[in-house]
Amino acid sequence: MEDKILVSNSQIVQPDSLPPLVSALKASAKQDVASFHFPGHNRGRAAPPSLTQLIGVRPFIHDLPELPELDNLFSPDGPILEAQKQAASLFGASETWFLVGGTTCGIQAAVMATCSPGEYLILPRNSHVSAISAMVLSDTIPKYIIPEYSSDWDIAGGVIPSQVEKAIKELKKEGQKASAVFVTSPTYHGICSNLNEISQLCHYHGIPLIVDEAHGAHFGFHHHMPFSALQQGADLAVQSTHKVLCSLTQSSMLHMSGDIVDRERICRCLQTLQSTSPSYLLLASLDAARAQLNENPETIFNKAMELAVETKNHVKNIPGISMLESSSFPKFPMMDPLRLTFGFRQLGLSGYEADEILYGDQMVICELVGTQSITFAINLGTCRKHIHRLVSGLQHVSATSLSVEKVEKRVEHSGLAPFADIYISLNPREAFFARKRK
Ligand SMILES: Cc1ncc(COP(=O)(O)O)c(C=O)c1O
């Protein structure tokens, strides 16, 4: 096994055209060293066979610790710094941080870097759990906004600028000022808020805007794509590079624009929240995903966009299946063109039932299932063959359900968002540490 892993010194450290961190990882892994460092699989020599059977030994060979030539995530001055700089340049940020704890840790850091204990954060009531845990960590007080909600779809929309303004003014009346505004755009279903107006509003009041852009790392990279959060004036945007771009799961990026937010405080928060042993495979995958996008940023999504349009055109003709469109949420005209949500109510099926047929009969796997709908993510890896399978799967759902039951089964809803009834008796941190009973 050892012979296969070790490569002689004469073969290493050749300058190449690889992205900076990928190149450094390659060179470091090639060195013929006597290694007495972590991780314990020792550059693959003791990699567990059951896993190498699946993925080979190469991931282990490149699973290296913070060796001097690989730089340090928390005080970078080598290949990590260079990789982050190249990412910042591509995504239009003044500074970019690579994250190994997903967008979850980026959101926590963004909130902790802007809100101190006892201060206010304006955010949608249905924010991702990381925004809630961020408030637990920083002892921040929420000022919730209730986002739009469609009972037909049982889906939440975005946040409108006047809601943000109202929240800012209500706090002002109480003699308070929000330390940050937090908006999720796009939502999981691809619904975009008007960040341009929201950022202008925030800046008018001297408040930083944090955008949870977990689902929008591809925005701005095609002329039919919505603009990214940074392009619309956000101060901090956190993107799950692993969700819509091609890095490894758990790897994300935090981008900053301008200087409203204290960068040193972001660094401190990220160091507090992340492992002291960040995975170089995750970090290199961020560098590689950035390089992949950088090769042809204007055209890389052409095929995915074509496939998405093709799918929508096919599905329009399938009886009983509806499509989430901008007309479903008239206040939010911008939607992610690569996120497709289909409804099955006219067939008398819930999203869960339709998903069972699609997966069970057709082996089509979606991204998200809801009471009324199923959501599919189109990405750079989507191929026409799979689109055909999805379309014929949906045709199958329609045909089998129409023949069984032709009456539309309305699922009753109050019309109110399930998260609309807010009564705050404890702050998130107090609630987290309070004694509880099940
Ligand atoms: C809207 C939203 N924000 C944040 C996150 C957290 O992202 P990550 O999985 O990269 O930690 C998710 C994850 O699904 C999400 O849907």
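Ligands are counted one by one from 1 in listed order, and the atoms in each one are counted from 1 as well.
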Among all protein non-hydrogen atoms, which one is nearest to [atom], and what is the separation to 0.1 Å?
atom	answer
atom 14 (O) of ligand 1	Lys243 NZ, 3.0 Å
atom 3 (N) of ligand 1	Asp212 OD2, 2.6 Å
atom 6 (C) of ligand 1	His128 CE1, 3.3 Å
atom 16 (O) of ligand 1	His215 NE2, 2.7 Å

Does a side-chain heavy-atom distance below 4.5 Å link [X] with [Y]?
X	Y	result
Val238	Asp212	no
Trp153	Thr341	yes
Phe182	Ile122	no
Tyr188	Glu367	yes
His218	Leu245	yes

Notebook entry, point to check: Relative to the ring of Phe376, is the ring of Phe342 parallel (under 30°), tilted (30 to 60°) or perpendicular (over 60°)?
Noted result: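 Tilted, since the angle between the ring planes falls between 30° and 60°.
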
Checklist line | Ring-ring centroid check Phe91 Phe221, cutoff 6.0 Å | finding: yes

Check: With backbone taken as N, CA, C and O and side chain as the heavy atoms from C-beta onward, which portion of Thr104 lies under 4.0 Å from ligand 1: side chain, backbone, both, or neither?
Finding: both

Item checked: Residue portion contacting ligand 1 (non-hydrogen atoms closer than 4.0 Å) for His242 -> side chain

Next item on the list: Check ligand 1 against Gly102 and write out every atom of the ligand that is under 4.0 Å from a heavy-atom position of the residue.
Entry: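 The list of qualifying atoms is 10 (O), 11 (O).
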
Check: Relative to the heavy atoms of Ser252, which atoms of ligand 1 are at a distance of less than 4.0 Å?
Finding: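 Those of ligand 1 that fall under 4.0 Å from Ser252 are 10 (O).
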
Checklist line | N/O separation below 3.5 Å, Ser240 to ligand 1 | finding: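 Yes; the residue has a nitrogen or oxygen that sits under 3.5 Å from a nitrogen or oxygen of the ligand.
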
Next item on the list: May I ask you to check whether Thr103 has an N/O atom sitting below 3.5 Å from an N/O atom of ligand 1?
Entry: yes

